[in-house]
Amino acid sequence: MKYGMNNLVLIVGATCVGKTEIAIRLAKHFQSPIISVDSRQFYKELLIGTAVPSATDLNQAKHYFVSNLSIFDYYNASQFEQEAIDLISHLHKKHQTVIACGGSMLYIDVLCQGMDIIPAIDQLVRTDIFSLYKKEGIDPICQQLKIHDPVYYSVVDLKNHKRVIHALEVCLTTGKPYSMFRCGNKKKRPFNIIKIGLFREPLDLYKRINIRIDKMIKNGFLEEAYKVYPYRFLNSLNTIGYKELFRFFDGEYTLNFAIEKIKQNTRIYSRKQMSWFRKDKKINWIYPSNSGEFIISKLLRIIP
RNA sequence: GGUGCCAUAGCUCAGUUGGUAGAGCAACGGACUGAAAAUCCGUGUGUCCCUAGUUCGAUUCUUGGUGGCACCA
């Protein structure tokens with residue numbers, strides 16, 4: 001680590017592992033703000049179901065990217081990259097160490113190494129392609145992609161409609177193959193990044209997940225979800241917890257079944273997170289089952 | 001007590017005209033560059049309830065058990 005350089009201490013880990021508590025302890029130690037890297041805590045209408053930190057926790061340190069958007073806003077990882085990087089460089093003027101904390105895998109990677117620059121998609125192109133997909137399925141989209149970008153066509157998962165559709169959107173908007181923009185360059189950030197991963201054994205984690213979800217229900221998750229039920233078609237509401245409760249409101253699920261499904265899908269999500277994080281060799285893993293003081297003293301040995 | 005039906009993967013069930021078996025869900029693993037809590041992909045050894053018999057060979061047919069369900073007394 002270079003002397004005198006600014007730090008970004010990034011706390012990652014599966015949902016429910018206990019990131020918030022550690023982040024706040026560190027933030028208090030360094031007198032530093034916290035940047036949330038959680039793609040669902042952005043939305044101000046979603047509080048209980050996305051487990052945003054409590055009011056008390058939020059008062060312990062200045063938080064950014066929490067409740068900063070509405071469910072009606074369009075947002076993506078590239079926008080987050082720009083906003084977060086600008087904010088961090090601003091914060092580094094006052095704080096040598098800034099804390100970041102969250103579990104959204106793509107957003108974490110984008111924060112650390114950036115994303116390729118792609119022109120904004122034309123809205124007309126987007127709706128055209130989507131209605132074609134709705135009408136005729138993925139095949140005609142794949143065929144068009146084959147013509148416009150044979151390179152990407154040969155590597156993309158052709159069954160994953162989101163990838164295929166996006167690639168074609170870029171081709172048709174720009175008139176150039178999507179693979180031209182997709183170079184995968186990793187950006188160097190002008191600060192040290194210290195990645196800390198919190199790990200718990202699955203059974204321990206699953207127990208915490210169950211407790212948290214039961215608590216959410218007790219704290220009024222149903223009311224919160226019912227308020228946004230009319231807008232269920234929004235992407236921001238295609239979210240674990242909300243989507244299962246919507247099916248309960250539809251009469252398709254009983255409440256108990258919906259709650260079981262939320263727990264189950266949260267477990268699955270935690271495994272997907274771990275399968276992403278396992279590949280990242282820069283993460284320093286620690287076990288948060290130890291006492292808070294012990295962990296902080298251990299972390300301070302890692303952080304320059 | 002009598003009769004009938006059922007017993008196969010963690011669960012719900014297919015199936016094998018006798019050559020040791022497969023779907024859905026669950027579980028687990030993986031991918032991931034502008035919708036990412038999204039989206040997509042991969043993985044099935046299980047005493048085919050037990051016992052005895054027929055057979056080269058039984059999860060499959062027969063006998064007798066055990067358990068469950070239904071109907072009749």
Side-chain angles (χ1 to χ4, degrees), chain A residues 13-17 19 36-43 46 48-52 69 71-84 102-123 125-127 129-130 133 138 141-142 152 155-171 173-174 178-187 202-203 206 209 212-213 216 225 233-246 257 260-280:
Chain A
T15 182
C16 242
V17 78
K19 298 184 287 293
S36 171
V37 192
D38 193 308
S39 70
R40 299 294 138 151
Q41 291 183 3
F42 297 155
Y43 300 107
L46 315 182
I48 299 167
T50 60
V52 302
L69 296 175
I71 52 171
F72 302 101
D73 294 331
Y74 173 80
Y75 202 65
N76 63 46
S78 185
Q79 281 170 265
F80 178 75
E81 178 188 355
Q82 276 193 1
E83 290 171 23
S104 296
M105 300 88 89
L106 178 64
Y107 285 68
I108 288 166
D109 279 5
V110 156
L111 182 61
C112 296
Q113 50 199 244
M115 216 172 193
D116 294 323
I117 292 159
I118 294 170
I121 303 301
D122 186 282
Q123 268 313 309
V125 171
R126 170 158 285 177
T127 48
I129 294 178
F130 196 74
Y133 170 66
I138 195 68
I141 316 275
C142 289
Y152 189 64
V155 295
V156 69
D157 174 0
L158 292 169
K159 289 180 179 161
N160 191 328
H161 70 271
K162 290 204 177 193
R163 303 274 151 70
V164 177
I165 287 174
H166 180 243
L168 187 61
E169 283 172 349
V170 174
C171 294
T173 297
T174 63
Y178 172 61
S179 53
M180 244 190 66
F181 299 98
R182 196 172 169 274
C183 29
N185 288 338
K186 301 209 183 336
K187 292 173 193 156
L203 286 181
Y206 295 170
I209 287 173
R212 175 190 271 182
I213 289 166
M216 284 177 180
F233 56 87
L234 294 170
N235 175 255
S236 51
L237 293 173
N238 186 186
T239 297
I240 295 172
Y242 298 87
K243 56 183 178 184
E244 294 85 355
L245 289 182
F246 295 158
F257 188 75
E260 282 315 304
K261 274 298 193 192
I262 294 172
K263 290 173 179 173
Q264 180 191 61
N265 287 330
T266 305
R267 288 197 292 273
I268 291 172
Y269 175 54
S270 75
R271 280 190 247 117
K272 284 196 287 198
Q273 288 176 301
M274 287 310 295
S275 112
W276 182 296
F277 294 141
R278 263 193 288 267
K279 281 190 309 185
D280 189 340

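Labels below follow one simple rule: chain letters A, B, ... track the order of the sequence lines, proteins then strands, and each chain is numbered from 1. The structure presented is a predicted model; accordingly, all values stated were derived computationally and were not measured.
- Less than 6.0 angstrom separates the ring centroid of A:F42 from the ring centroid of A:Y107.
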**Asked** Given Watson-Crick or G-U pairs with both distances under 3.5 Å, what dot-bracket string fits RNA chain B, with | for other-strand pairs and [ ] for crossing?
**Response** (((((((..((((.....[..)))).(((((.......))))).....((.((..]....)).))))))))).

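- One P atom belongs to B:rG68, the other to B:rC25, and the distance between them is 32 Å to the nearest Å.
- The two residues A:G184 and A:D116 come nearest to each other via the heavy atoms N-OD2, 2.8 Å.
- A:G114 comes within 4.0 angstrom of no nucleic acid atom, judged by non-hydrogen atoms across all strands.
- Rounding to the nearest 0.5 angstrom, the gap separating the CG atom in A:N76 from the CE atom in A:M115 is 7.0 Å.
- Of the two residues contacting RNA chain B, namely A:R40 and A:N160, the nearest-nucleotide position lying further toward the 5' end is that of A:R40.
- Here A:Y206 lies in heavy-atom contact (under 4.0 Å) with sugar-phosphate atoms only.
- Distances shown here put a side-chain N or O of A:K261 below 4.0 Å from the OP1 or OP2 atom of B:rA26.
- Atom C1' of B:rU45 sits at a distance of 11 Å from the matching atom of B:rA21, rounded to the whole Å.
- B:rA31 atom P lies 12 Å from atom CG of A:D109, rounded to whole Å.
- At the heavy-atom level, A:Y178 lies under 4.0 Å from the strands shown only through sugar-phosphate atoms.
- Residue A:Y74 has its side chain nearest to B:rA35 when only B:rU33, B:rA35, B:rG30 are considered.
- A close approach under 4.0 Å does occur between a side-chain nitrogen or oxygen of A:R163 and OP1 or OP2 of B:rU33.
- Nucleic acid contact for A:F80: none, since no nucleic acid atom lies under 4.0 Å from a heavy atom of the residue.
- You won't find any donor-acceptor pair under 3.5 Å spanning the side chain of A:R267 and the base of B:rA27, going by distance alone.
- The C1' atoms of B:rG15 and B:rA31 are separated by 34 Å, rounded to the nearest whole Å.
- With distances taken from any side-chain atom of A:H161 to the nucleotides B:rC40, B:rA35, B:rA31, the minimum falls on B:rC40.
- At a threshold of 4.0 angstrom between heavy atoms, the contacts of A:T15 with the nucleic acid are absent.
- In terms of heavy-atom proximity, A:L158 sits nearest to A:I138 at O-CG1, 3.8 Å.
- Nucleic acid contact for A:D38: base, since at least one base atom lies under 4.0 Å from a heavy atom of the residue.
- You'll find the side chain of A:V125 stays beyond 4.5 Å of the side chain of A:L168, heavy atoms only.
- Residue-to-nucleotide contacts include no donor-acceptor pair under 3.5 Å from the side chain of A:K186 to the base of B:rU33.
- Taking atom C1' on both B:rA7 and B:rU59, the two are 12 Å apart, rounded to the nearest angstrom.
- When the side-chain nitrogen and oxygen atoms of A:N185 are compared with OP1 and OP2 of B:rU33, none of them lie within a distance under 4.0 Å.
- Atom-to-atom, CZ of A:R278 to P of B:rG29 comes out at 6 Å; the value is rounded to the nearest Å.
- Between A:M216 and A:I262, every side-chain heavy-atom pair lies at or beyond the 4.5 Å cut-off.
- Residue A:Y107 is in sugar-phosphate contact alone, with no base atom involved, counting any heavy-atom pair closer than 4.0 Å across all strands shown.
- Residue A:K187 is out of contact with every strand shown, counting any heavy-atom pair closer than 4.0 Å.
- Under the 4.5 Å side-chain criterion, counting only non-hydrogen atoms from C-beta, A:I165 is in contact with A:E169.
- Following rounding to the nearest Å, A:L158 (CG) and B:rU39 (C1') show an atom-to-atom distance of 14 Å.
- Counting only heavy atoms from C-beta outward, the side chains of A:R40 and A:I240 never approach each other to under 4.5 Å.
- Taking atom P on both nucleotides, B:rC49 is separated from B:rA14 by 14 Å, rounded to a whole Å.
- Here the separation of B:rG29 from B:rG4, taken at their C1' atoms, is 47 Å to the nearest Å.
- Using C1' as the reference atom, B:rU33 and B:rG10 are 38 Å apart when rounded to the nearest Å.
- Distance check: A:F130 CZ to A:I141 CD1 gives 9.5 Å after rounding to the nearest 0.5 Å.
- A:N238 comes within 4.0 angstrom of the backbone, heavy atoms only, and of no base.
- Between A:Y178 and A:Y152, the two ring planes are perpendicular [angle over 60°; tilted spans 30° to 60°].
- A:I138 comes within contact range of no nucleotide atom at all, as no heavy-atom separation falls under 4.0 Å.
- Rounded to whole Å, the separation between the C1' atoms of B:rU20 and B:rG24 comes to 23 Å.
- The CD atom of A:Q273 sits 17 Å away from the P atom of B:rC32 (whole-angstrom rounding).
- If you check every strand for non-hydrogen atoms under 4.0 Å, A:K243 touches sugar and phosphate atoms only.
- For A:R126, no side-chain nitrogen or oxygen approaches OP1 or OP2 of B:rG34 to under 4.0 Å.
- Of the candidate nucleotides B:rA27, B:rC32, B:rG30, B:rG30 has the atom nearest to the side chain of A:K272.
- Taking 4.0 angstrom as the limit, A:S78 places none of its side-chain polar atoms (N or O) nearer than this to OP1 or OP2 of B:rU33.
- Between A:N265 atom CG and B:rC40 atom P the separation is 13 Å, expressed in whole Å.
- Projected onto RNA chain B by closest heavy-atom contact, A:P119 and A:K159 fall at different nucleotides, the more 5' of which corresponds to A:P119.
- Across all strands shown, A:T239 has heavy atoms under 4.0 Å from base atoms, whether or not it also approaches the sugar-phosphate.
- Between A:R182 and B:rU33, a side-chain N or O to OP1/OP2 separation shorter than 4.0 Å is present.
- Among all heavy-atom pairs drawn from A:A51 and A:Q41, the shortest one is O-NE2, 3.1 Å.
- A:M180 has its CE atom 18 Å from the P atom of B:rU33, to the nearest Å.
- Counting to the nearest Å, the P atom of B:rG10 and the CD atom of A:E260 are 20 Å from each other.
- Closest to the A:Q264 side chain, of the nucleotides B:rA27, B:rA36, B:rG30, is B:rA27.
- Residue contacts shown for A:I121 are absent, as no nucleic acid heavy atom lies under 4.0 Å away.
- Taking atom CD1 of residue A:I268 and atom C1' of nucleotide B:rU39, one finds them 14 Å apart after rounding to whole Å.
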